[in-house]
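Input: a single structure, listed below in structure tokens.
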Amino acid sequence: MAITYRKETCIFNIETRHTTYQMMADSHGVLLHLYYGPKADGDMDYILTGYDRGFSGSPYDLGNERTYSLDALPQEYPTEGTGDFRSPALIAESADGFRGCDLRYEGYEIFEGKYSLPELPAVYDGQETLKIRLADKAAGLEVELLYGTVEDLDIITRSVVITNRGEKKIHLLKALAANLDFVSGEFDIISFYGRHGMERNLQRRAAGHGEFRIGSRRGTSSHEYNPLLILADRNTTERTGKCLAMEFVYSGGFNASVETDQYNQTRMQMGLAEHDFDYPVAPGESFYVPEVIMSASSEGLGKLSQNLQECVRKHVIRGKWRDIVRPVLLNSWEGCYFSFDGAKIRQLAKNAADLGVDMLVLDDGWFGKRDDDNSGLGDWTANEKKLGGTVKKLSDDIHAMGLLFGIWFEPEMVNEDSDLYRAHPEWALEADGHRPVRSRNQLVLDFSRPEVVDHVYSQVRDIVAQGVDYLKWDYNRSIADVFSHGTKQQGRVLYDYILGLYRFLDRLTKEFPDLLIEGCSGGGGRFDAGMLYYTPQIWCSDNSDAIDRLRIQYGTSFGYPVSAVGAHVSAVPNEQCGRVTSLSVRGTVAMSGTFGYELDPAKLSDEEKAEIREQIGTRRRLAPLINDGLCYRLSDPFTDPVCAWSFVARDGAKAIVNAVTLENHCNNPVSYVVCAGLEAGARYRDAASGKVYPADGLMTVGIPVPNEMGEYRAYTWELEKV
Ligand code: GLA
């Protein structure tokens, strides 16, 4: 049993392969957090101390006992109004406006298998579940804390179910899934910030007094901050030291923070954004807080990432495509944007087939009145004049060339210049008498309303049924006007919107189980584990420049597997930043993702075409190891002159080591790529040169990167154990 309850001490103990998690229902019925970290044998309640702390009050039932204060004790699920003045995990407002809530322990349940959450994405399998029931009887509130385990990956998931057991409606103003309190330790906080075209840059800074907070008030997880937060010991590196992570399985607004308190204790939290959140829960109803995945490692950030990558790859991503190497695609966007017709698309497909590509994806511009990005969203009927016939005809023609066929949608959006908006202006998120914020000249459809979801669904399904193998699901703005005409409770709209999105995707994946869906939001603006539950891959960034991509994909790798990272080779000079890189650099970078092309093959020279054919062959050969191998980051592209990373087979028999040079100087020092994960004592042969390397040398001194003239060069060593 990985989860146990020790009756004598009232301690709950959760074990994974290398970690222990402990909490205790104390003699006052308060659930205190005791420990989360490397495996620890024995009860950890000795960490609890009690001193008379001025200005830190005590629960009423303790009489005049002044040495017990929730302001100083490590708590499992802190709430507003208990005299703990740090950030609460839950704020529930009673019918008369009081926001205090005093949760005490009621009971527990342990069962085999992992819990699931109705209508919400979550890790879908695992070994065991622990449910701890807390209640504030006076407030009529019951809170169930849920814990799930994926033992071999050192994953513990957390979610919370809040039930109104009273007679009057309550309102949730804040609902987090996970809270961790540490009584000691000095930490660094690692977070992933960004912007459109430059997502998931890594920031590492010391935690200190005051609160460090990231989140999104955009109704979507956002380019700005990814819902992934890491807490590491100050001396933790890629391969050594302790660290732990929280990753949100949710695609809407979020909130994550780290706070060092007046007694030098640290609190880390993650859950729903408080912004525009005021969720009514009627008597008898329950509210489900989306799940947080946690993992802890004492072998540095690399191991922590591998745990999260594998958890997302095998326990969040589902369906037929989960384990399959994805088709090499050619996407029409950068090759022709909006200017195409049926003949041009068919020619694009023919040229793609000639290069050895598996699938043609027709991006934006094929539907309604849509020759630029100012109109047409919401009208998902084919522009047959432009396409030279129906979608079915186009799909048949492309299939006849031996290619799969994919198509772009942006189902959650509407342009004012569309038939849908003219018929149903009240279906947009927009308040009466208040002019909405336009973004890319579009408004957001009110997916909190089932009739809106149903309407768009029926249009999308009609197109998909015409022979579509792949769907790119885009989402190209943030939500600014949180106002639905379908409810009087505007504080529930953002959460209900995401439920509507998930319902749509759930229906689509069930009706079309073979359909491959790629998520997208102006590139990687909604790159989260919630979307990955429905869409096994996500376009990682609208920035297809290989050098910028090194940083973007590096940051992404902290929480997500390469099999989910949408990455393409595009033309040069790059459309987003004007940089020129070789096809070999672009190929090496895109291969560490789903792989494909985003260019017009008609503009390629014969040499380039030949190189691409060879590149696709290399990709097919390497893809199984890239997808299934363990991914190691071997340098930091934010600071090092070379960006290097590798994929190592789980049995250590093979490895691919990649390096891209970022800087070149006269009389350059030699850079060495220090490998990881190889079998100590073994020898590895490099396929291209035939050279045999000792693994111990590769993992200590490293492989010398050739000192060649020119900027941005890519090198790949295909190593095989001899
Ligand atoms: C977004 C996507 C792009 C492309 C365009 C089409 O920006 O990220 O890949 O699909 O929309 O309008």
Side-chain angles (χ1 to χ4, degrees), residues 119 216-222 250-253 276 364-370 372-382 407-464 471-509 511 517 519-522 525-526 530-531 534-535:
E119 303 205 84
S216 163
R217 317 168 106 235
R218 296 168 179 270
T220 170
S221 50
S222 91
Y250 187 63
S251 311
D276 271 327
D364 198 353
W366 58 268
F367 54 90
K369 181 187 149 204
R370 184 79 172 169
D372 56 36
D373 61 7
N374 289 307
S375 60
L377 292 175
D379 299 338
W380 301 107
T381 44
I407 201 160
W408 180 95
F409 279 96
E410 196 177 357
E412 299 153 80
M413 297 292 163
V414 69
N415 284 116
E416 288 157 275
D417 185 2
S418 68
D419 293 341
L420 181 64
Y421 188 78
R422 282 182 281 274
H424 286 290
E426 79 286 4
W427 281 6
L429 289 173
E430 179 183 15
D432 290 332
H434 174 89
R435 285 174 301 180
V437 173
R438 285 186 179 139
S439 186
R440 211 189 190 203
N441 208 6
Q442 64 197 51
L443 304 179
V444 185
L445 281 175
D446 183 358
F447 263 38
S448 74
R449 297 177 71 170
E451 63 273 36
V452 180
V453 170
D454 287 348
H455 172 86
V456 184
Y457 185 83
S458 71
Q459 291 203 325
V460 171
R461 79 156 304 287
D462 285 353
I463 298 289
V464 173
L471 187 155
K472 180 170 168 187
W473 182 296
D474 215 336
Y475 176 88
N476 281 318
R477 61 162 294 177
S478 307
I479 299 176
D481 297 271
V482 185
F483 190 91
S484 164
H485 291 90
T487 179
K488 296 249 174 302
Q489 313 270 356
Q490 302 305 331
R492 63 182 299 160
V493 171
L494 289 177
Y495 179 86
D496 288 352
Y497 177 99
I498 296 294
L499 289 190
L501 165 68
Y502 290 155
R503 242 175 253 143
F504 192 130
L505 285 163
D506 186 57
R507 218 166 136 188
L508 194 63
T509 49
E511 190 170 350
I517 311 178
C520 180
S521 170
R526 201 160 59 179
M531 284 309 285
Y534 304 97
T535 74

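For the single chain, residues carry numbers from 1 onward in sequence order.
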| request: Spell out, as yes or no, whether a donor-acceptor pair under 3.5 Å connects the side chain of Q442 to the backbone of L377. | output: no
| query | Is S418 reaching over with its side chain to a backbone N or O of D379, donor-acceptor style, under 3.5 angstrom? | reply | no
| field | Sole candidate of Y495, Y534, Y497 that passes ring pair (Phe, Tyr, Trp, His ring centres under 6.0 Å) when paired with Y502 | value | Y534
| request: For the residue pair L505 and M531, establish whether any side-chain heavy-atom pair is separated by less than 4.5 Å. | output: yes
| query | Would you find more than 12 non-hydrogen atoms of other residues, nucleotides or ligands less than 6.0 Å from R217 atom CZ? | reply | no
| field | Partners passing salt bridge (Lys or Arg N to Asp or Glu O under 4.0 Å) against D372 (at least two apart in sequence or in another chain) | value | none
| request: Give a yes or no on whether the backbone of W427 and the side-chain of E430 come within a donor-acceptor separation of less than 3.5 Å. | output: no
| Rounded to the nearest 0.5 Å, how far apart are CD1 of I407 and CG of L471? | 8.0 Å
| field | T220 to G525 - nearest heavy-atom pair and separation | value | OG1-O, 3.7 Å
| Should H455 and L420 count as side-chain neighbours, where that means a heavy-atom distance under 4.5 Å? | yes
| message | So R526 and L501, do their side chains get closer than 4.5 Å, heavy atoms only? | response | yes
| query | Got R477 and V437 here, is their nearest side-chain heavy-atom distance under 4.5 Å? | reply | yes
| message | So I517 and T509, do their side chains get closer than 4.5 Å, heavy atoms only? | response | yes
| Once the angle between the rings of W408 and W380 is folded into 0 to 90°, is it parallel (under 30°), tilted (30 to 60°) or perpendicular (over 60°)? | tilted
| side-chain contact (heavy atoms from CB on, under 4.5 Å) with V453: which residues, sequence neighbours excluded? | F447, F504
| query | Is any NZ, NE, NH1 or NH2 atom of the basic residue among R449 and E426 found under 4.0 Å from an Asp or Glu carboxylate oxygen of the other? | reply | no
| note | Residues R492 and D496: closest non-hydrogen pair is NE-OD2, 2.6 Å
| note | On a heavy-atom basis, the closest approach of I479 and V482 is CG2-CG2, 4.2 Å
| remark: Sorted by chain and number, sequence neighbours left out, side chain to side chain donor-acceptor pair (under 3.5 Å) with R218 holds for E224, S478
| query | Taking atom CG of D276 and atom CG of D481, what is their separation to the nearest 0.5 Å? | reply | 10.0 Å
| request: Measure the spacing between CD of Q459 and OG1 of T381 and express it to the nearest 0.5 Å. | output: 6.5 Å
| field | M413 side chain near V444 side chain, heavy-atom distance below 4.5 Å | value | yes
| field | All side-chain contact (heavy atoms from CB on, under 4.5 Å) counterparts of R507, not counting sequence neighbours | value | D454, Y457
| field | Test item: Y421 side-chain N/O and A428 main-chain N/O as donor-acceptor pair under 3.5 Å | value | no
| task | State which residues pass side-chain contact (heavy atoms from CB on, under 4.5 Å) with D373; sequence neighbours excluded, sorted by chain then number. | result | F338, R370, R440
| note | Looking only at heavy atoms, the pair that brings A382 and I463 closest together is N-CD1, 4.3 Å
| Do you know the tightest heavy-atom contact between S448 and P450? | O-CD, 3.5 Å
| request: Would you mind checking if D419 and R422 are paired as a salt bridge, meaning a charged N to carboxylate O distance below 4.0 Å? | output: yes
| remark: In terms of heavy-atom contacts, D474 and E412 come closest through O-OE2, 4.1 Å
| said: For N415 and D417, which I'm curious about, is there any donor-acceptor pair between the side chains at under 3.5 Å? | reply: no
| request: Please assess V493 against T487 for the test side-chain contact (heavy atoms from CB on, under 4.5 Å), listing each intermediate value before the final yes or no. | output: CA-CA 8 Å; V493 171; T487 179; 3.8 Å; yes
| query | What class does the angle between the rings of H485 and F483 fall in, given that below 30° is parallel, 30 to 60° is tilted and above 60° is perpendicular? | reply | perpendicular
| field | Partners meeting salt bridge (Lys or Arg N to Asp or Glu O under 4.0 Å) with E416 (sequence neighbours left out) | value | R438
